[in-house]
Amino acid sequence: MSATFVGMPAFPSAARTALGNTQLRHNLAHATGVIRAKRAAVVGEVENWEELRLAGAAVKERALRSLDAHLVQLEESLTARGAVVHWARDAAEANRIVVDLARAREIDEVVKVKSMVTQEIGLNEALEASGIAAWETDLAELIVQLGGDLPSHILVPAIHRNRAEIREIFTRRMGEVGRPAPDDLTDEPAVLAGAAREHLREKFLRARMAVSGANFAVADSGTLVVVESEGNGRMCLTLPEVLVSIVGIEKVVPTWAELDPLLRLLPRSSTGERMNPYTSTWTGVVPDDGPQEVHVVLLDNGRTRALGDPTGRQALRCIRCSACLNVCPVYERTGGHAYGSVYPGPIGAILNPLLRGTGDPQTDSLPYASTLCGACFEACPVRIDIPEVLVHLRAEVVDAHRADRLPKPEALAFRGAAWAFGHAQRLDRTEWLSSLAGRLLRRRGRTSLGRLPGPGAAWTDARDLPAPPTETFRAWWRRTDGGERP
Amino acid sequence: MSARTGAQTSARAEILGRIRTALLDVDRDAESATAPIVAPPGARPPGADHPDGLVAHFAERVADYRATVVRCPPDGLTAAIAAALPAGARVVVPPGLPDDHLAGIPTPVPDSGLAASELDALDAVVTRCRLGIAETGTIVLDHTPDQGRRAIALVPDHHVCIVHADQIVPDVPDAIARLDPHRPLTWISGPSATSDIELDRVEGVHGPRRLHVIVVDPDPA
């Protein structure tokens, strides 16, 4: 029943489809506008915001530059407090660990805290394939899951749905998987949230195992941190017997004290609140309180690849606040699905190629899904210079295609330019041809070339290509002696 | 459970090896000597030098989340708790709740390891807390005996939480410095909420839908 991002078309074609959906564009414009205003208000309250950003970036950078040492320390701290630590090189290995843990305990359903990383590795699909039901408990994730849909925003994954659509999904689907929606369900957000509360409560009270991610993992204390709003996180982290947390290795924070700047930066950047309603921290097993069996899966899945790129490495500082999505003029118009990944928007445009490497047409299209306006860098609470990494990755994409048997039109155009600029006589001849073409066109009243045929069409779709000038710079220089003669 | 399987040993060794390869351009000796980052100071709320300024700021920020906030003198606490609870409410209480708190609760149900389904049948919970954060309007529970297990402050729909004025700190860094990370911690900023539907904020999804904070202030303004 769950959808997948596998096989999504490249960004330009997915974006064209998204732009044709007026409901989607309306929902997105409203939502991103609301959240931008909220963020601006609470960020404006903090006098030393810029210093705080510098501190947040420095903490994450320090963690990454000695990542192996911090992970070993995290493992020691967790083990000392009764947690079991697992390591997973990739998605399949992480999924297998979770499936095996459930099977060994004869568990056939798990409740889930909203987590980007479990979507990244396709955990729900892996559990489903093994006959284990995975219930999403965040309201937006529930909407996405029941709708057989895909998330479109890091913070508010159902941002592309409006209240009427959500009411319809609840009415149609809740009864198939548990407690049905009430007959008198309206499309008031409070009523819809109430229906989700009733629907999920029986699952919380019954579930023996929960799966979460973590916003932060503190190496020196062995503490995991989950930041949330609804209380579904608290339910999952507290009520079941077994808790499995899947933690990307870049989530490490070296010391407890260094959590401070990140807890000040994240809620203001993310939901535009001074503090999110609930933050839960736990350190291994707490006797007689909460899950008595605690597992932590440390996941690579491409993170070491990103770490090996000295320019791209900074993307691993990301704390998944989604501020860059909300300020991005491209995201605001296309929405998250066009990026073909659980990580959409500006951060997704760099994170996906860094995690997966270049070479796949869909991934390769992402570094170009930007105007390089720089709003994302301004908004980023850990100062990831996204435009710098985008430009760097564009070069990587070009390099990856240098040996292609069929060169891209852009590569051909630049090869032609290199040929012409390589020799004065060749340049002369080329310029003579272009000014001749310019004169012919202008004689027919044309000042622009209009829509080019073939591969040039994509470029001229959104731009005017002016007709070539009738006289080249070098011809003008010869004629006027560098402007001395009229 | 502690014995590592073969696959696990190699996954661990391989990931750590990949990290060391990825960081070949980094001067590792210099990095391992770096000290923890010191973040800039937190906010100093207006009037924070005076305890009453801090309490007022805290109360205002908690109320901003649409929680109920009342201030009372120490000898008014019993009455304030009684007033915060609906008539006839069945109230779960942590084992270490002080007597003057208990006196305000008509039908207390002591937590003796109640199952989640039993907690679900109760109406409210009364706890103390470890500290309050003025700038963000947050209360932090560390689940010692005057607050009880994490589940009791979560499943009932109405949470009454008592904060003493001297437990209130100005901002997040002050809280981090006072809290013990080895305790389970629950940071609470207002009632449960969601903005998942059209970014329209709704109070109350899975956590308590009503949060009632009582600030005990020996010197109320």
Side-chain angles (χ1 to χ4, degrees), chain A residues 31 34-35 48 51-52 55 58-59 62 65-68 84 86-89 93 139-140 156 158 162-163 166 189-190 192-193 197 205 221 223 229-232 234-235 238-239 254-261 263-264 274-275 277-283 286 289-290 300 304 307-308 310, chain B residues 1 8 11-12 14-16 18-23 25-26 28 31-32 34 36-40 42-43 61 65 113 116-117 120 133 135-138 143 149-151 154 172-173 176-177 181-182 184-200 202 204-207:
Chain A
V34 167
I35 204 159
N48 48 10
E51 286 169 71
L52 204 52
V59 167
R62 189 171 100 84
R65 291 171 82 87
S66 301
L67 186 57
D68 48 344
V84 181
H86 308 256
W87 299 72
R89 280 164 283 209
E93 198 163 24
L139 178 54
V156 271
N162 62 25
R163 58 185 73 190
I166 295 165
L192 293 169
R197 178 187 168 96
L205 296 179
S221 61
T223 307
S229 295
E230 296 173 11
N232 62 309
R234 291 175 69 192
M235 289 280 178
T238 307
L239 298 185
T255 62
W256 172 252
E258 284 169 293
L259 197 56
D260 154 46
L263 286 182
R264 281 191 271 167
R274 296 185 183 110
M275 191 56 82
Y278 300 133
T279 298
S280 297
T281 79
W282 72 101
T283 304
V286 186
D289 184 352
D300 180 351
T304 51
L307 189 68
Chain B
M1 293 298 295
Q8 274 300 298
R12 180 183 190 273
E14 194 174 326
I15 292 170
L16 292 173
R18 287 179 189 171
I19 292 171
R20 285 166 194 144
T21 308
L23 292 172
D25 64 306
V26 175
R28 306 302 304 280
E31 278 304 321
S32 62
T34 54
I37 304 299
V38 178
R61 288 289 159 97
Y65 296 119
S117 53
D120 194 38
I133 307 173
E135 181 66 13
T136 60
T138 303
H143 303 284
R149 296 180 300 141
R150 283 174 282 174
L154 169 64
V172 172
I176 288 280
H182 290 141
L185 301 175
T186 307
W187 299 45
I188 299 173
S189 306
S192 160
T194 184
S195 299
D196 279 348
I197 301 170
E198 300 179 12
L199 284 173
D200 198 349
V202 173
V205 195
H206 304 294

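These values consider heavy atoms only, across backbone and side chains, with no hydrogens, waters or symmetry-generated copies. Naming convention: chains lettered A, B, ... in sequence-line order (proteins, then strands); numbering from 1 in each chain.
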query = Is a donor on one side and an acceptor on the other found under 3.5 Å between the side chain of A:R163 and the backbone of B:I197?
reply = no
remark   = Turns out that what part of B:T138 lies under 4.5 Å from chain A's heavy atoms comes down to side chain
query = Is it true that a side-chain atom of B:E198 and a backbone atom of A:N162 form a donor plus acceptor pair closer than 3.5 Å?
reply = no
query = When you measure from the side chain of A:R264 to the backbone N and O of B:V172, does any donor-acceptor pair fall under 3.5 Å?
reply = no
message = Return the CG to CG distance between B:D120 and A:L205, rounded to the nearest 0.5 Å.
response = 5.0 Å
message = So for B:A193, is it side chain, backbone, both, or neither that comes closer than 4.5 Å to the heavy atoms of chain A?
response = both
ask   = Hey, does the side chain of A:Y278 reach the backbone of B:S192 with a donor-acceptor pair shorter than 3.5 angstrom?
value = yes
request  = Using salt bridge (charged side-chain N to carboxylate O under 4.0 Å, His left out) as the criterion, list what pairs up with B:E31, not counting sequence neighbours.
outcome  = A:R65
note = Applying a strict 4.5 Å limit to non-hydrogen atoms, the region of B:V202 in contact with chain A is side chain
query = Are any non-hydrogen side-chain atoms of A:S229 and B:T194 less than 4.5 angstrom apart?
reply = no
request  = Test A:D300 against B:E14 for side-chain contact (heavy atoms from CB on, under 4.5 Å), laying out the working first.
outcome  = CA-CA 10 Å; A:D300 180 351; B:E14 194 174 326; over 6 Å; no
request  = Drop me the distance from B:H206's NE2 to A:R234's CZ, to the nearest 0.5 angstrom.
outcome  = 12.5 Å
request  = Taking A:D68 for its side chain and B:L16 for its backbone only, find out whether a donor-acceptor pair lies under 3.5 Å.
outcome  = no
inquiry  = If the condition is side chain to side chain donor-acceptor pair (under 3.5 Å), which residues does B:S195 pass it with, not counting sequence neighbours?
reply    = none
ask   = Between A:T283 and B:P181, is there a donor-acceptor pair closer than 3.5 Å when you use the side chain of the first and the backbone of the second?
value = yes
ask   = In terms of heavy-atom pairs under 4.5 Å, which option from B:P184, B:P40, B:A116, B:G207 contacts chain A the most?
value = B:P40
query = If you round to the nearest 0.5 Å, how far is CD1 of B:I19 from CG of A:L67?
reply = 4.0 Å
ask   = Relative to chain A, which segment of B:R18 carries a heavy atom at a distance below 4.5 Å: side chain, backbone, both, or neither?
value = both
note = Answer key: most heavy-atom pairs under 4.5 Å with chain A among B:I188, B:T186, B:T21, B:I133 is B:I188
